[in-house]
Amino acid sequence: MAGKGRSARPEKTAAQLAAAASHLLDWYDRAGRQLPWRRHWPELAPPYLVFLSELMLQQTSVTAVIPYFQAFVRRWPTIEALADADQAEVLEAWAGLGYYARARNMHKAARLIVARHEGRFPEQPEQLCALPGIGPYTAGAIAAIAFDQPAPVIDGNIERVLARFYHLDTPLPALKKQLVTPYSRLLPDQRRSDFPQALMDLGALICTPARPDCAVCPLARDCSARQLADPSILPVKPAKKAKPTRQGRALVLLDGQGRAALIRRAGKGLLGGLPGFPSDGWDRSPPEPLDRILEGLEARILPAKVRHTFTHFHASMTLCLAEAGGADLPAGWFWAVPEETGLPSLMKKIWQASQTGQISD
DNA sequence: GAGGCGTGGAA
DNA sequence: TTTCCAAGCCT
């Protein structure tokens, strides 16, 4: 039991922790970010806006999220409106943001909240955690930010800040479970809604992964990593695996009227539920019958390949271009204008390359 | 616990 | 060009 994740530093006193939290909130008032889903204490952000922003912010940067957040709020201003939408239109509005299971789960959660909770968000983290797409972090974030609950909120930023502040050297990802008590000790009685947002802003702006700016950090006085030559060694990260490259091919079949043949991908897994060009070889889904289709066409093969990187592999795609001769499309294929369809990024690159002959990536 | 699951911007 | 991510969740 002993030996992993010990703090080499003495316990911090209640007075030290209270002062640190106070400095943090003062800094937040001065330097915290203005974000479209945020409100000023004592006003709390509407739960629907917190829900929407938190789902979008999972593993995704603030700058990427803001335009999507604005578009979603404009198009679906309430949880009821989102619940009434079709999954396909939600997915296409999400296209480009990535991790599409978030969109599928968010839509399911919206329907559950409307059907089972009369459109009112649960306020306790345990109830929130039961909804699809909402795990320990997001449940705590909604409970704390929208309802001022004293729930633990531990994301990657807060994990990093606390690992340094308390000098905890348990390697990721095991560290996160050990941070619940340290977080709760630092959490003040007042402004429990602002506190996690302040810690996250601190992690994003000051206590950054590579170059923490300790000189201006409001937690520096009692930070246990401050005395390290290089505080950025914390938290301890696991070694990463190399990404393989998978070869694939895609068919851009045109009808001569600006439309292309598309398919809707299977509902789960990679790019699940999204539209795309018929393709094979690069994913683990059943291959489209490309050979049979290509036999009846005079397809041109583009010399350059389209490359795209996913979380755990690189895809290198060969493009086949052809004009339809009037034959029927295979079952499940349909004609659509690619520019007017919410395509994921790989498919956008394929379309772009097919039209210009230029390979951007 | 480990692996699947996107994307585009920064270093 | 390659690496490293950025407010995780699900299986």
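Numbers restart at 1 for each chain; the letters A, B, ... are given by sequence-line order, proteins then strands. Because the structure is predicted, anything quoted here is derived from the model rather than measured.
With hydrogens and angles disregarded, a donor-acceptor distance shorter than 3.5 Å links the side chain of A:R164 to the backbone of A:P231. Within the 3.5 Å criterion, the main-chain N or O of A:A143 finds no donor-acceptor partner in the side chain of A:Q149.
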Q) Once each nucleotide of nucleotides 5-11 of chain B is scored for protein heavy atoms under 4.0 Å, what B/S/- sequence comes out, 5' to 3'? A) BBBS---

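A:S53 comes within 4.0 angstrom of nothing in the nucleic acid, heavy atoms only. The residue A:P136 sits close only to the backbone: its heavy atoms come under 4.0 Å of sugar-phosphate atoms, none of a base. Using a 4.0 Å heavy-atom criterion, one finds that A:V65 contacts no nucleic acid atom at all. Counting any heavy atom pair closer than 4.0 Å across all strands shown, A:W94 reaches no nucleic acid atom. Among the protein residues, A:P196 comes within range of no part of the nucleic acid, since none of its heavy atoms lies under 4.0 Å from any strand.
Atoms CG (A:L172) and P (C:dA6) sit 12 Å apart, rounded to a whole Å. One interatomic measurement links the two molecules: NZ of A:K241 to C1' of B:dG1, which rounds to 13 Å at whole-angstrom precision. Atom NZ in A:K108 sits roughly 10 Å away from atom C1' in C:dC10 (whole-Å rounding). C:dC4 atom C1' lies 10 Å from atom NZ of A:K237, rounded to whole Å. Look at CG on A:L35: it is 16 Å from P on C:dA6, rounded to the nearest Å. A:D283 places its CG atom 21 Å from the P atom of B:dG3, with the value rounded to the nearest Å. Taking atom CG of A:L175 as the reference point, atom P of B:dA2 lies 15 Å away to the nearest angstrom. Taking atom CE on A:M56 and atom C1' on C:dC9, their separation rounds to 17 Å, with Å as the unit.
Taking the charged nitrogens against the carboxylate oxygens, A:D291 and A:R249 do have a contact shorter than 4.0 Å, which makes a salt bridge.
Between the side chains of A:S224 and A:K12, at least one donor N or O lies within less than 3.5 Å of an accepting N or O.
Mapping A:H314 and A:G156 onto DNA chain C by nearest heavy atom places A:H314 closer to the 5' end of the strand.
C:dA6 and B:dC5 have their P atoms separated by 23 Å, with the value rounded to a whole Å. The same atom, C1', is picked in B:dG1 and in C:dC10; the two are 13 Å apart, to the nearest Å.
Ring geometry for A:W37 against A:F69 counts as perpendicular: the plane angle is over 60°, on a 0 to 90° scale with 30° as the lower cut.
Atom CG of A:D230 is surrounded by more than 12 heavy atoms from other residues, nucleotides or ligands within 6.0 Å.
Between A:K268 and B:dG4, a side-chain N or O to OP1/OP2 separation shorter than 4.0 Å is absent.
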(Q) Please evaluate residues A:W94 and A:Y68 with respect to the criterion side chain to side chain contact (heavy atoms under 4.5 Å, CB included), reporting the C-alpha separation (whole Å), side-chain torsions for both, the decisive distance (0.1 Å), and the verdict. (A) CA-CA 7 Å; A:W94 194 280; A:Y68 284 86; 5.6 Å; no

